[in-house]
Amino acid sequence: MNIFPWYYSPARLAWRQLIHDQTKLMAAIAGVLFACVLVFMQLGFKDALIASAATAPKKLSGDLFLMHKQSEAMWRPVTFKRNELMRALGHSAVAEVSPLYLGLAAFKTIETNIKRTLMVYGFDPDAELFDVETIKNKRIELRLKNTIIFDEYSRPEFGPVRQLFEAGRTETEINDYKIQIIDFFRLGISFAADGNVVTSDLNFMRMFPARNPGDIDMGVIRLHPGASIEQTKADLDKQLNSFVNIFTFAELIEFETKYWTETAPIGFIFGFGTVMGLIVGLVIVYQILFTDIANHRHEFATLKAMGYKQSYFVRLVFATAFFLAVLGFIPGLILSIGLYHLAESQMFMPMPISFSKVMTVFLFILSMCFTAGLLAIRKLKDANPADMF
Amino acid sequence: MSPIIDVRNLNFSFINGEIALPVLKNVTIPIHKGEIVIMTGPSGSGKTTFLTIVGGLRQAIDGSVKVLGQQLINSTEQIKVNIRQQTGYIFQQHNLLKSLTAQQNVSMTLEMHNGMTEKERLERATEMLRAVGMGDRLHHKPDQLSGGQRQRVSIARALVGQPKIVLADEPTASLDKQSGQEAVTILKRLAKESGASILLVTHDYRILNIADRVVELEDGVINNA
Ligand SMILES: Nc1ncnc2c1ncn2[C@@H]1O[C@H](COP(=O)(O)OP(=O)(O)OP(=O)(O)O)[C@@H](O)[C@H]1O
Ligand SMILES: [Mg+2]
């Protein structure tokens with residue numbers, strides 16, 4: 001019962017005033033909805049980006065990974081000498097090492113003969129660098145000349161590769177070099193590459209004749225069971241040349257993700273978009289609350305003359321802000337779910353709406369509305385009870 | 001028994017930049033419990049200003065204004081809020097809340113105070129609306145009511161909290177003769193029943209008959225107090 005005059009009463013009046021003017025309510029909801037959808041889309045793209053940035057490294061199987069210090073990310077590596085990787089074998093904890101070759105290459109689509117760029121991963125098939133069943137199962141066939149395994153989650157621009165394969169059309173070109181598709185695996189696209197293929201190290205050199213097997217893009221190290229990854233990393237850090245970075249699996253994924261969210265401007269753009277969405281929403285909600293107070297100032301002054309305190313109206317404004325946040329968020333969420341599905345089908349990147357994302361956006365929208373309320377309450381002082389008679 | 005409103009030597013000026021405009025000059029007037037006082041006077045003589053000071057809506061700094069035993073000169077906001085809560089106001093324009101029904105409007109007076117359930121509040125509001133002859137318009141919003149009906153709702157709103165003081169500024173100004181007379185008759189009956197004092201400002205000479213006492217304010221000075 002005590003809570004009644006404190007919060008319920010101003011909230012109820014706020015609600016009654018809101019639903020009294022339905023056109024204005026609709027405009028207000030549209031404003032919040034707009035901000036909500038904008039923020040959802042920006043965060044969705046950003047998360048899809050982060051998730052896709054690490055799709056390839058997440059499939060790698062190894063304990064430590066060597067990259068040149070100048071490599072910004074896996075998709076644009078700087079090569080280093082294979083000998084450097086071999087030196088790691090000197091450490092007693094190291095069981096095996098294998099080089100990974102990476103390169104963007106032109107894939108000729110089977111039906112239309114248009115060339116499109118995809119990512120080629122080359123490595124010794126016996127090393128089983130990718131933790132993907134089909135790749136492991138086809139390691140014998142991969143050793144044959146000119147064979148590749150195609151990522152069936154590549155963008156549809158590469159053509160209906162799977163259907164053509166089943167119809168017997170398995171031959172095409174990568175970098176003008178004839179190759180055979182022998183199977184499919186599932187990886188998914190990233191901002192760097194619209195498609196992926198996996199091949200043997202020898203075939204990789206055939207597709208990239210200018211490349212030299214002694215210059216590698218990445219080195220994958222596997223340790224003996226039970227060896228300390230951290231300790232070995234620290235030892236290798238001292239032994240190996242200072243131009244290589246040594247990453248653990250987790251560090252590699254973080255390094256790749258960080259590149260896209262921080263170094264590449266893409267992460268900044270989505271962050272910026274989120275902030276802009278919130279600012280636009282803030283301005284709209286502020287305008288609505290401000291004119292709402294201005295329109296109701298006679299009513300507020302009347303209530304003040306009856307003995308209502310200033311704090312009652314502050315709570316009323318915040319209650320209005322809260323209702324706008326909720327009323328705008330719900331249709332905003334529904335619309336965003338639809339747009340996420342649309343974006344997924346267009347971009348071929350997973351865009352899940354997670355509970356934590358829903359909560360994040362709701363908290364953003366709520367703080368946006370509260371900030372607008374905070375800015376608008378100064379208008380309350382215009383409600384002067386002395387002007388009522 | 002000491003007066004319920006006790007104004008002595010009240011001076012009040014509006015300050016406009018450097019210039020002070022004196023509006024109330026040495027006003028002294030006591031109003032007793034249950035008394036109905038009508039204040040008349042020419043336009044601009046300071047009647048409204050006087051009402052806002054007595055009602056705790058405007059701060060005065062010179063003289064003595066004791067209402068329900070509390071000094072309003074140089075008072076704190078808390079004291080003014082306290083006086084406002086014990087006073088019923090009837091404004092010239094009805095000033096009902098547009099988004100609320102008649103019943104909800106009247107109930108707003110009771111919502112400030114704790115200790116009443118929603119049901120009790122609505123019952124009291126309904127009772128009061130019946131008393132002003134609006135029992136069949138409980139769920140109408142102000143823009144579905146006539147001017148006279150609105151003013152009756154606003155009388156109900158002023159009186160539902162059983163205030164000791166009712167302040168009214170030209171409550172009949174926007175009403176025709178018939179509904180104006182009706183409104184003040186209801187006001188008088190209810191005030192007499194509950195023992196409230198009424199200070200009513202008006203130009204309307206047709207309603208002087210309800211007063212126990214008529215005072216005239218002329219250029220900030222009280223005549224025949
Ligand atoms: N807020 C204000 N600021 C400055 N001067 C004011 C203000 N309100 C009223 N006045 C002046 O104070 C004087 C008294 O005004 P007040 O409203 O009390 O008169 P009144 O007797 O109620 O007149 P009426 O019968 O026309 O309502 C007038 O000269 C008016 O111009
Ligand atoms: Mg006046």
Side-chain angles (χ1 to χ4, degrees), chain A residues 1-26 28 288-289 291-317 319-320 323-324 380-389, chain B residues 14 47-60 77-78 80-101 104-105 107-118 120-121 141-143 154 157-158 160-161 163 167-171 201:
Chain A
M1 207 52 226
N2 267 343
I3 200 79
F4 184 84
W6 177 248
Y7 197 78
Y8 181 69
S9 167
R12 186 170 67 174
L13 181 57
W15 177 253
R16 285 173 174 167
Q17 289 188 332
L18 266 182
I19 56 173
H20 183 68
D21 188 347
Q22 308 229 332
T23 15
K24 213 165 68 219
L25 179 61
M26 287 305 150
I288 286 162
L289 290 177
T291 47
D292 205 52
I293 296 173
N295 292 340
H296 286 117
R297 68 183 185 284
H298 287 294
E299 299 194 348
F300 293 163
T302 306
L303 291 174
K304 270 190 196 171
M306 286 160 59
Y308 281 88
K309 293 183 190 137
Q310 180 75 8
S311 57
Y312 182 90
F313 305 102
V314 172
R315 274 173 275 133
L316 182 137
V317 171
T320 311
F323 289 137
L324 290 182
L380 278 176
K381 69 177 190 310
D382 287 2
N384 182 4
D387 300 333
M388 284 327 296
F389 274 130
Chain B
F14 280 111
K47 304 182 296 293
T48 295
T49 309
F50 181 72
L51 268 192
T52 56
I53 291 171
V54 171
L57 305 180
R58 195 185 286 287
Q59 182 72 70
E77 181 72 12
Q78 186 52 51
K80 279 182 286 192
V81 167
N82 207 309
I83 293 301
R84 290 176 201 167
Q85 292 186 345
Q86 299 182 64
T87 307
Y89 294 90
I90 301 164
F91 307 97
Q92 177 174 349
Q93 259 76 40
H94 57 87
N95 278 316
L96 298 173
L97 273 59
K98 281 205 291 289
S99 52
L100 302 188
T101 65
Q104 290 164 347
N105 260 293
S107 170
M108 282 306 284
T109 301
L110 304 171
E111 269 189 27
M112 269 179 293
H113 310 293
N114 222 339
M116 233 194 250
T117 64
E118 175 73 359
E120 286 166 346
R121 269 192 295 271
K141 287 187 177 170
D143 51 14
S154 117
R157 180 176 67 176
V160 73
L167 300 179
D169 196 359
E170 316 212 19
V201 166

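All values below were derived from every heavy atom in this structure, side-chain atoms included, with hydrogens, water molecules and symmetry-related copies excluded. Below, chains carry the letters A, B, ... as their sequence lines are ordered, and counting in each starts from 1.
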*Can you say whether the rings of F323(A) and W15(A) are parallel (under 30°), tilted (30 to 60°) or perpendicular (over 60°)?*
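Aromatic pair F323(A)/W15(A) classed perpendicular.
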
Heaviest contributor of heavy-atom pairs below 4.5 Å to chain A, chosen from Q104(B), R58(B), Q59(B), is Q104(B)

Start with the C-alpha gap between E111(B) and Y308(A), add the side-chain angles, then the distance that decides, and say whether side-chain contact (heavy atoms from CB on, under 4.5 Å) holds.
CA-CA 9 Å; E111(B) 269 189 27; Y308(A) 281 88; 3.4 Å; yes

| task | Check whether any side-chain heavy atom of T320(A) lies under 4.5 Å from a side-chain heavy atom of Q17(A), and answer yes or no. | result | no

Discussion item. I'd like to check Y89(B) versus L57(B) (side-chain heavy atoms, cut-off strictly below 4.5 Å). Are they in contact?
Written reply: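 When only atoms from C-beta onward are counted, L57(B) and Y89(B) do touch, with a gap below 4.5 Å.
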
Honestly, the part of L303(A) sitting under 4.5 Å from a heavy atom of chain B is side chain

If one checks every heavy atom of L18(A) against chain B at 4.5 Å, the contacting part turns out to be neither

Exercise for the section: Dump the intermediate steps for side-chain contact (heavy atoms from CB on, under 4.5 Å) on V81(B) and R84(B), then the final yes or no. Expected result: CA-CA 5 Å; V81(B) 167; R84(B) 290 176 201 167; 4.2 Å; yes

Which answer fits [X], side chain, backbone, both or neither, if we ask what part of it has an atom under 4.5 Å from a heavy atom of chain A?
{"X": "K80(B)", "value": "neither"}
{"X": "T109(B)", "value": "both"}
{"X": "L167(B)", "value": "both"}
{"X": "Q78(B)", "value": "side chain"}

Check for a donor-acceptor pair, side chain of E120(B) on one end and backbone N or O of T117(B) on the other, with a separation under 3.5 Å. yes

